[in-house]
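Okay, structure first, notes after.
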Amino acid sequence: MEFWSEETIENFRRTLLDWYDREGRATLPWRVDHDPYRVMVSEIMLQQTQVDTVLPYYERFMQALPTVQDLARAPEAQVLKLWEGLGYYSRARNLQKAARFVVDDLHGHWPESADDLQVLPGVGPYTSAAIASISFGEVVPAVDGNAYRVFSRLLKIDADIAQPKSRKIFYDAILPIVDPDRPGDFNQAIMDLGSSYMTAKNPNSADSPVRAFNAAYRDGVEIAYPVKTKKQRPVKQLYMATVSEKDGRLLFEKRPDTGLLSGFWTFPLEEIQNIEQIVGEQLHIKPIVHVFTHRRWEIWLVKRDLPLTDNRQYLTPDQWQHLSLPTVQHKLLNALEE
DNA sequence: CAAACGTGGCA
DNA sequence: TTGCCAAGTTT
């Protein structure tokens, strides 16, 4: 691991921020001001999600709910509808809980430090540091995947970024480098760097504005960074989804309030061990495949009758079209039309 | 701490 | 087709 002198640190800050001022993505909609609400919404949406995916969601969300008070007072169903298809739906529920906490418990007064911001549901070490630095000027590093990748290469940090304990190693390494005058811009510049020159795949460090500071590139070992152990493969699961139609309505089932897609409506889903267990009229030759982070669902659609239970309901098209449905359910609905 | 938690893009 | 990646947090 490399250590930088105070002179190197100052050169790095200047080089980075000069580049950011010239070529940073200043037009991103969450960078038009430093409103903590706008920043928080963007940061939550951007968790594990790419900028291009977030952009249309963010614009629609801010149009519908422009202030933290609007979000606090909105029906949860509206928030989930705005989040439909974005995934990791607990983010949406927690975001509204956070808004309600700020409005109801803090009377609209935002926590202004990273430590205090972490009381908000869904706001962890990264997001709190991002909001604190961008909106309130706190000098803290926002250690996200970009920061891991960028600084593991610049400083040749060998800690495994898949391990939680590595977070402190990076935090401590980056903290003295954060620009005390522009901490928010510093953090966002690192993110821009990580998504342009210092990418995960096919990095272009040769043309990077901070090439001179890149120890891994200098030593020809950039490919080795960041150090990251592999994730395990998704578990394969076989499901039978039931299509039950009655008077132009379709039978939906509400998922349990914990676990995967909790609280969302789907066709009744039954896990099966093999396709011999399929009963009813099979609707497709091929199954619908849907992959989650840790599961791979292979779903066979069948047409059959099913008894009503307390978590099942026949819904008209107008009813289910106004619900927030998970993408896997949209796939099933689309498959029905084929 | 390891595992859970969505989805889309790309090599 | 498969694996990996993308502005993480919660339990």
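It should be emphasised that the depicted structure is a prediction, and the values quoted were computed from it without experimental measurement. Only heavy atoms go into these numbers, but all of them, side chains included; no hydrogens, no water, no symmetry mates. Reminder, nothing fancy here: chain letters follow the sequence lines and each chain counts from 1.
- In this structure, A/R60 is positioned above the aromatic face of A/Y57, its NZ or CZ under 6.0 Å from the six-membered ring centre and within 45° of the axis.
- Counting only heavy atoms from C-beta outward, the side chains of A/V302 and A/V279 never approach each other to under 4.5 Å.
- The CG-C1' distance, from A/N146 to C/dG8, rounds to 12 Å in whole Å.
- For the pair A/F170 CZ and C/dG8 C1', the computed distance is 15 Å after rounding to whole Å.
- At a threshold of 4.0 angstrom between heavy atoms, the contacts of A/A130 with the nucleic acid are absent.
- What separates CG of A/L193 from C1' of C/dA7 is a distance of 14 Å, to the nearest Å.
- Across A/R218, A/K156, A/R153, a single residue satisfies salt bridge (Lys or Arg N to Asp or Glu O under 4.0 Å) together with A/E2, and that is A/R218.
- Regarding A/D144, its CG atom lies at a distance of 10 Å from the P atom of C/dA6, rounded to whole Å.
- Both A/G145 and A/R296 lie near DNA chain C, and the one whose nearest nucleotide falls closer to the 5' end is A/R296.
- The shortest side-chain heavy-atom distance between A/L269 and A/T266 falls under the 4.5 Å cut-off.
- The phosphate of C/dT2 has neither OP1 nor OP2 within less than 4.0 Å of any side-chain N or O from A/R233.
- Of all non-hydrogen atoms in A/G124 and A/S128, the two that sit nearest each other are O-OG, 2.7 Å.
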Base versus backbone protein contacts along nucleotides 1-11 of chain B [heavy-atom cut-off under 4.0 Å; B, S, -]: S--SBBBSB--
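- Comparing the same atom, P, in C/dA6 and in B/dC5 gives a spacing of 23 Å after rounding to whole Å.
- A distance of about 23 Å separates the P atoms of C/dA7 and B/dA3, rounded to the whole Å.
- Residues A/V41 and A/M45 meet the side-chain proximity criterion, which asks for heavy atoms closer than 4.5 Å.
- On the P atoms, B/dG6 is 13 Å away from C/dT11, given to the nearest whole Å.
- Between A/F151 atom CZ and C/dA7 atom P there is a gap of 14 Å when expressed in whole angstrom units.
- A heavy-atom distance below 4.5 Å is found between the side chains of A/V210 and A/F12.
- A distance of 7.5 Å separates CZ of A/R14 from CD of A/E10, quoted to the nearest 0.5 Å.
- Contacts of A/R149 classified as salt bridge (Lys or Arg N to Asp or Glu O under 4.0 Å), with partners at least two apart in sequence or in another chain: none.
- Using a 4.5 Å cut-off on side-chain heavy atoms (C-beta onward), A/V289 and A/W297 make no contact.
- For the pair A/R93 CZ and C/dT9 P, the computed distance is 19 Å after rounding to whole Å.
- If you measure from atom OH of A/Y148 to atom C1' of C/dT9, you get 12 Å, rounded to the nearest angstrom.
- The stretch residues 21-41 of chain A touches DNA chain C through A/R25, A/L28, A/W30, A/R31, each having a heavy atom under 4.0 angstrom from the strand.
- Between A/Y126 atom OH and C/dG8 atom C1' there is a gap of 9 Å when expressed in whole angstrom units.
- Counting any heavy atom pair closer than 4.0 Å across all strands shown, A/V123 reaches sugar-phosphate atoms only and no base atom.
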